Amino acid sequence: MEKRLVFWYYFGNVNPKLLKPYNPKATEARVYELWEKSGYFDPDKLPARHKDPFSIVLPPPNVTGTLHMGHAAMLAIEDIVIRFERMRGKRALWLPGTDSAALATQAKVEDILYKKEKKTRHDIGREALLGRIEEFTKESEATIVNQVKRMGSSLDWGRYSYTMDETRNRAVNEAFKRMYEGGLIYRGARIVNWDPKLQTNVSDIEIEWKEETAPFYYLTYGPFTIGTARPETKFGDKYVVMHPDDERYKKYKHGDTLEVEWVNGPVTATIVKDKVVDMAFGTGVMTITPWHDQTDFDIAARHNLDKEQIIDQKGMLMPIAGEFAGVHWKKARPAIVEKLRAKGLVEKVDEKYAHRVATNSRGGGLLEPQVMLQWFVDVNKEFKLPHSELDGFEKGDTVTLKRLMQGVVESGQIEIIPDRFKKTYFHWIKDLRDWCISRQIWYGHQIPVWYRSTGAHDRLNGTPSDSRGVETHVGIERPEGEGWEQDPDTLDTWFSSGLWTFSTLGWPDKTKDLETFHPTDVLETGYDILFFWVARMVLMSTYLLGQIPFKKVYLHGLVRDGKGRKMSKSLGNIIDPLDMIEKYGADATRLSLIIGTAPGNDLKLSEDRVRGYKHFANKLWNVARFVLSNTEHGGFEKAKFAKEDAARMEEFEALKKEVTAHLDKYEFYLAGDNLYHYLWHTFADKVIEESKEALKGGNAAQKRSKQKLLHLLLEDQLKLLHPFIPFVTEELWSMLPHKKQSLLMIEPWPI
RNA sequence: GGACGCUUAGCUCAGUUGGUAGAGCAACUCGUUUACACCGAGUGGGUCGCAGGUUCAAGUCCUGCAGCGUCCACCA
């Protein structure tokens, strides 16, 4: 109480809020509302000085998710860029949205359905499930949107998009249609990564390989010994493959046949010579299972061999397995090995064979390769570029999607930060295979293709094995006439994500937004989705628009816990950004994710870090209290600087330049670090300390010089710090004795 | 098997074009005489992973090695 009175005595008319430590909780919501009401998040409502457009599209968080530290880092970085550019006089647009995350969302709703009602999606049907999902996403949407706001994100909510809304749906259908008509989307029976658990296939990059130790069996196959880790797939093996140059098997000629005794009796084996066989591995001989293995499938394709399905889509063995038919392969394996052993066909078993198995990284189980009729984007097919604003490509040039993806990064039209990821990007594209875009889940953009039977056509596991006898129509609307059925499959969620920079701006309509804000200036995202997303955006945009989707790609690292581990529920090491905001404020949370983090490097975050930056926000608060209490009566505006004060101004000019240069180069960590140290160790420790004597009285000219210095330095520091810590700076700005009523967020950048 | 990254104070990391080793947190000592104890002044603590090389000068550039991590790859 006594202390309070002393404060009052010394600080006269200074805002009473300043007399207590900075309180983020009492400030942030109010300030955010002020910003939203101002309308300045919308580039169309910015004052006239804001001319050149600048745009970032927010990587859409999962609509059913909650904010995690990865999001928080992304929001902090993007908001820094946007606020910086806005203050610099750009018409800055940061466009928000959420993603349906089709597979994850459907799995979540199915899980709830099963837990609550013991029902599966097949029990309630497609329509009902979609209804439930829509309900669920609607409920969740507000949560994630509010959490994004709490970080202080200056997003233009009036332009909010959802990947499954009407406009985006139209864009997806249009993109599919154009790519189909351009010959870049095709349907084909190919080997895909089937997830028996989720009953859908996933694309190659969604595979997560896991190390596993399993027995490896050496089996007698006629005169040969073959090795396998999967004896349950071997029933149909009737091709035995070896390298053409292998001396050991010189006497066997390509195409020779021989009778061998096999699991369920004798089979006729055919010799195949193929260079893909590694002579040094095992015995240099293998039998193949084209239906369930990519390598084997390729061999079979090269030599035009039969392919037979051994395992069905639920993981059960097919009739070809004889007595084992209808049994799950996992259960059947020991029995099959036992039978082989009884027949004397097991030569030896290596119990500790280390190999990798494919699992679905999207929460599924073991993947079983299957041959299925699916939709693909052809990345190697040559076509004539329909339009081009791309460096090094002219309209009408013969190109492939792959070459487009490579070209725009090679030419430097798209810059990747940090630079080293260029290599990763090129390396991935070099061996890129066609992108399988159809999924057998229900939630998502249903493929805009219609089929009608024109007579007999064979079916393969419930899906037509080829398009013979089937009439196909590509389009959004059901075509005229009887018997048309839409393809039940949906598109890979990354297909719609690939359109994100322009679907959010209204494409395929020729909107003003699209014209103004595309290509966007920078795409900021985690390096873990460079292939999933960044590369696909380049593919879509270059083909459909003839434009790059963004000029720069800034890749941030993954946020890990204090020990460098991935944050996960099971480890219980999650640091929740909302907890941090609650305890230390959004500004502190932002700084903790910026300072000391170079692009592309993982960040180890601990609560101590966040607490440290809360102290910084408070330091600024106290500095402002001192400056305001000593300058509140004005009268120093026209003062001449004393020599040492002029030197301080020069020193500060250098800082401004340095900070601006760092921001220009996307070195946020360095810009933030410079500002942090200047405020604390130069402004507070030196400038303020040195001013105390003069402020006490004595020489009036000296005093006014100090007052002017303190005033100017504080004001400009608030501006420079605003992109980093917008809440506390905006709050302090409102306490400055201004003539004009304006928000700090649109003050001109002081350089 | 290939590629990339990391290795600097107890912990987390900066160190931008090579020029006498830095910050935050933690620890310890002292300080509450009026911006701030969410503070100030100070102390301790590093042969910059290892071994070579280039240079007047290397944490920084080059070569090799090791450990850790990540990504990619059709070894049955």
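Numbers restart at 1 for each chain; the letters A, B, ... are given by sequence-line order, proteins then strands. The structure presented is a predicted model; accordingly, all values stated were derived computationally and were not measured.
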If [N] has a Watson-Crick or G-U wobble mate with both distances under 3.5 Å, name it; if not, just say none.
N: B:C74; answer: none
N: B:A35; answer: none
N: B:G44; answer: none
N: B:G10; answer: B:C25
N: B:U17; answer: none
N: B:C4; answer: B:G69
N: B:C50; answer: B:G64

Between [N] and [M], how far apart are the two [atom1] atoms, rounded to whole Å?
N: B:G64; M: B:G22; atom1: C1'; value: 30 Å
N: B:C28; M: B:G45; atom1: C1'; value: 11 Å
N: B:U12; M: B:A26; atom1: P; value: 15 Å
N: B:A58; M: B:G53; atom1: C1'; value: 11 Å
N: B:G59; M: B:C50; atom1: P; value: 11 Å
N: B:G52; M: B:G44; atom1: C1'; value: 35 Å
N: B:G2; M: B:A73; atom1: C1'; value: 7 Å
N: B:C39; M: B:G24; atom1: C1'; value: 16 Å

Decide if the gap between the ring center of [X] and the ring center of [Y] is smaller than 6.0 angstrom.
X: A:Tyr252; Y: A:Phe224; result: yes
X: A:Tyr613; Y: A:Tyr676; result: yes
X: A:Tyr554; Y: A:Phe668; result: yes
X: A:Trp435; Y: A:Phe376; result: no
X: A:His711; Y: A:Phe636; result: yes

| field | 5′-ward residue of the pair A:Arg611/A:Ala624 relative to RNA chain B | value |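 Final value for this comparison: A:Arg611.
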| request: Name the residue closer to the 5' end of RNA chain B, choosing between A:Lys614 and A:Thr283 according to the nucleotide with the nearest heavy atom. | output: A:Lys614
| said: With a 3.5 Å distance limit and no angle check, can you tell me whether A:Arg536 reaches the backbone of A:Phe532 through a side-chain donor-acceptor pair? | reply: yes
| said: Tell me if a side-chain donor or acceptor on A:His303 pairs with a main-chain N or O of A:Leu305 at a distance below 3.5 Å. | reply: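 No, A:His303 side chain to A:Leu305 backbone: no donor-acceptor pair under 3.5 Å.
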Looking at every strand, decide which applies to [X] at a 4.0 Å heavy-atom threshold: base, sugar-phosphate, or nothing.
X: A:Val627; answer: nothing
X: A:Asp608; answer: sugar-phosphate
X: A:Ile688; answer: base
X: A:Glu607; answer: nothing
X: A:Ala229; answer: nothing
X: A:Val276; answer: base
X: A:His662; answer: base
X: A:Arg433; answer: sugar-phosphate

[X] side chain: which of [options] is closest?
X: A:Arg420; options: B:C4, B:A23, B:C36; value: B:C4
X: A:His427; options: B:A35, B:C72, B:C74; value: B:C72
X: A:Trp680; options: B:A76, B:A35, B:C39; value: B:C39
X: A:Pro21; options: B:C74, B:C25, B:C38; value: B:C38
X: A:Glu689; options: B:C36, B:C72, B:C39; value: B:C36
X: A:Lys604; options: B:C13, B:C36, B:A76; value: B:C13
X: A:Lys619; options: B:C39, B:A76, B:C74; value: B:C39

Quick one: is [X] getting a side-chain N or O under 4.0 Å of the [N] phosphate, OP1 or OP2?
X: A:Asn601; N: B:A14; value: yes
X: A:Lys692; N: B:A35; value: yes
X: A:His681; N: B:G24; value: yes
X: A:Arg609; N: B:C13; value: no
X: A:Tyr353; N: B:A76; value: yes
X: A:Tyr669; N: B:G15; value: yes

[X] has an atom [atom1]; how far is it from atom [atom2] of [N], in whole Å?
X: A:Leu18; N: B:U34; atom1: CG; atom2: P; result: 19 Å
X: A:Tyr678; N: B:A14; atom1: OH; atom2: C1'; result: 21 Å
X: A:His355; N: B:A76; atom1: NE2; atom2: P; result: 8 Å
X: A:Ile594; N: B:A23; atom1: CD1; atom2: C1'; result: 17 Å
X: A:Gln294; N: B:C75; atom1: CD; atom2: P; result: 11 Å
X: A:Asp431; N: B:C71; atom1: CG; atom2: C1'; result: 14 Å
X: A:Phe421; N: B:C71; atom1: CZ; atom2: P; result: 11 Å
X: A:Trp428; N: B:U70; atom1: CH2; atom2: C1'; result: 17 Å

| task | Determine whether any donor atom in the side chain of A:Lys423 lies under 3.5 Å from an acceptor atom in the base of B:C4, or the reverse, and answer yes or no. | result | no
| Check: A:Glu667 side chain, B:A14 base, donor-acceptor under 3.5 Å |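 A donor-acceptor contact between them is absent.
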| message | Evaluate A:Leu713 against A:Tyr678 for side-chain contact (heavy atoms from CB on, under 4.5 Å), listing each step before the verdict. | response | CA-CA 11 Å; A:Leu713 291 186; A:Tyr678 180 83; 3.6 Å; yes
| Non-hydrogen atoms of A:Pro599 and A:Tyr669 that approach each other most closely | CD-CE2, 3.8 Å
| Option from A:Trp533, A:Tyr425, A:Phe421 for which ring pair (Phe, Tyr, Trp, His ring centres under 6.0 Å) with A:Tyr527 holds |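 The option that passes is A:Phe421.
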